[in-house]
Amino acid sequence: MDSKLFIYNTLTRKKEEFIPINPGHVGIYVCGPTVYSDVHLGNCRTFISFDLIYRYLLHLGFKVRYVRNITDAGHLEGDRDEGDDKFAKKAKLEQLEPMEIVQKYTLAFRDVMRIFNTLPPSIEPTATGHISEQIEMIKQILEQGYAYEINGTVYFDVEKYSKEYPYGQLTNRKLEDLLEGTRELGGQDEKRGRLDFALWITAKPETLMKWPSPWGWGFPGWHIECSAMGRKYLGDTFDIHGGGMDLQATHHTNEIAQSQACNHKAPVKYWMHTNMLTVNGARMSKSAGNGFLPNELFTGNHPLLDKGYSPMAVRFFMLQSHYRSTLDFSNEALQASEKGFQRLMAANRILNKIKASDKSTVVVNDLTSRIYDAMNDDFNSPVAIAVLFDWVRNINSLAEGKESITQPDLDLLKQTFRTIVFDILGLVDEQSEGSKQELTSNLIDMLLNMRLEAKARKDFSTSDKIRDDLAKFGVVVRDRKDGFDWEIS
RNA sequence: GGUACCUUGGCCGAGUGGCUAGGCAUCGGUCUGCAAAACCGACUACGGCGGUUCGACUCCGCCAGGUACCUCCA
């Protein structure tokens, strides 16, 4: 492909041509979940978006190292340093060891990711597994004079840093504005500057997860893990760093500051941020209590849901909007996507029934080029899906003989269509999976062949009975000119 | 309060200075023993008020409404 890939870079607020640092290779870091509770659908959206991005980069032939961390340490509640550690708090609540909490929710997270058919990252590093790297980085930042220690806690000196580097560049803000916007913090604060944040936090007697450090027993601040692990696995400067938009202002801003202060290099070339999933216009979040758990969605067991939705219908729903747009979550929207998704899958099956002829009235290359145009424009999956639906129409017309296609073109169409749908968009035809399904499908075929015979001898009462009985089990039958078609509703 | 962003047809959602995605729903028609599916066709929108322009939904300004961030959250 000689067409160019463009990526919207939060740093410059523009779409920029993607030029990897090392030709042919891409290093990408995505902020993963904090595993002290179940991930909700909003979290899933971000990881599904980056899965699309990962898949497309792979498709383009890049050798990609995709790093997505698991945050399993630290994370104070509130910006004051007297907050509780999330893991310790949750551990107390569930009467478990903090690492039991971590294990439980890490496994649950991976299950959910698998259900949504996301590819596993190349490396999934944990914060607790990289304490020494984080301590090392903090030492380096201290040595360079961008941090200070007070009573075993190490703070990053934002004001000193901002004299040399643009601190608020990721959100296009000036330091003065940020200072102005900082709220009054109640109580005493040992930090020198209002914007300073902790790199290392001293352990209190009740702190459960703590490690020895040059500053005594403690645990790492939230932001340092990504700086340390990104550097370790992807280098001082790497290609893409991603995460949800909610991380942009604080987490990523501080990450840049730490890395820059330590390495004196911009850590990342392209910053990518995915937008929020909303419910009735408001952001889905843990604290707001409007989160949906994946399982509630699959089963429909939630007051706001009319019914359950399959994982692939949900994935498709998410891919139908652009990753930088908010996406509003509703029954109607979900149902529309579910039907569209089924139509797409049906077209894929119909593809197998098309017979080649001696000339083509459709231009397969149109599909290919339009898909690349869409995806190269900042991974525009909704436009790609629109193109796919134009071809759903073509595929149906081909099956009905209204259009014709040669064998080489048909082979190309099948290959292209499936590459897009399954490899790039990462969808799965849930209906055609597994051996049990195969048996079911054979049984249904058998019954429908009997029905065909009944119809041939005009025994419509029998043929209707077969159809109606199948309908009772949820099998929808459709007659076709050359036989039949069915699906499980 | 500060800083950004958003407002598209019944719903969801792309996008562009002129050629007006797509999905779902709805209404006609074709096909069918009936039904469904499929196909064909219809419905042609861009918050309000000004401005720039030959021309704006797309650019600028103001207003209204909304959202996010500034505090843990993808």
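Chain letters run A, B, ... following the sequence lines, proteins first, then strands; residues in each count from 1.
The six-membered or imidazole ring of Y8(A) lies away from that of H322(A), with a centre-to-centre distance of 6.0 Å or more.
Listed nucleotides C11(B), G33(B), A74(B) differ in distance to D464(A); the shortest reach to its side chain belongs to G33(B). Each of C70(B), A74(B), G13(B) was ranked by its minimum atom distance to the side chain of T250(A); first place goes to C70(B). Distances were taken from every side-chain heavy atom of M284(A) (C-beta onward) to each of A74(B), G33(B), A21(B); the shortest belongs to A74(B). Among the nucleotides C40(B), G13(B), A38(B), the one closest to any side-chain atom of R343(A) is A38(B). Between A4(B), G22(B), G33(B), one nucleotide has an atom nearer to the side chain of F389(A) than all others, and that is G22(B). In this structure, the nucleotide among C34(B), A74(B), A36(B) sitting nearest to the side chain of R451(A) is C34(B). For S463(A), the listed nucleotide lying nearest its side chain is G33(B); candidates were G33(B), A14(B), C70(B). For P382(A), counting side-chain heavy atoms from C-beta on, the closest listed nucleotide (C12(B), A74(B), A21(B)) is A21(B). Distance from the side chain of D390(A) is smallest to G22(B) among G23(B), G22(B), G13(B). The side chain of S397(A) lies closest to C39(B), out of C39(B), A14(B), A25(B).
Nucleotides of RNA chain B nearest to K15(A) and A336(A) differ in position, and the one nearer the 5' end is that of K15(A). Along RNA chain B, the nucleotide nearest Y323(A) and the nucleotide nearest G340(A) are compared for position; the residue whose nucleotide lies closer to the 5' end is Y323(A).
Across all strands, N396(A) comes closer than 4.0 Å only to sugar-phosphate atoms, never to a base (heavy-atom distances). Residue G242(A) is out of contact with every strand shown, counting any heavy-atom pair closer than 4.0 Å. Contacts of S325(A) with the nucleic acid, taken as non-hydrogen atoms under 4.0 Å apart, involve only primed sugar atoms and P, OP1 or OP2. Within 4.0 Å (heavy atoms only), A386(A) reaches at least one base atom of the nucleic acid. Among the protein residues, S285(A) comes within range of the nucleic acid bases, having at least one heavy atom under 4.0 Å from a base atom. Note on M276(A): a base of the nucleic acid sits closer than 4.0 angstrom, heavy atoms only.
A salt bridge links R451(A) and D479(A); the closest N-O separation between the charged side-chain nitrogens and carboxylate oxygens is under 4.0 Å. Comment: K465(A) engages D469(A) in a salt bridge, judged by a side-chain N to carboxylate O separation of less than 4.0 angstrom. Here R349(A) pairs with D429(A) in a salt bridge; the nearest charged N to carboxylate O distance falls below 4.0 Å.
Considering D378(A), N275(A), T10(A) in turn, D378(A) is the only one that fulfils the side-chain hydrogen bond (donor to acceptor under 3.5 Å, both in side chains) rule with R324(A).
For K4(A) and F6(A), the positive end is not near the middle of the six-membered ring at less than 6.0 Å and at most 45° from its axis.
If you measure from atom CG of L319(A) to atom P of G23(B), you get 16 Å, rounded to the nearest angstrom. Across the protein-nucleic acid pair, I354(A) atom CD1 and A38(B) atom C1' stand 13 Å apart, rounded to whole Å. Taking atom CE of M245(A) as the reference point, atom P of A68(B) lies 13 Å away to the nearest angstrom. Taking atom CD1 of I466(A) as the reference point, atom C1' of G33(B) lies 16 Å away to the nearest angstrom. Per the geometry, NZ belonging to K472(A) stands 19 Å off P belonging to A36(B), to the nearest Å.
In the interface, the side chain of R194(A) is not paired with the base of C70(B) through any donor and acceptor atom under 3.5 Å apart.
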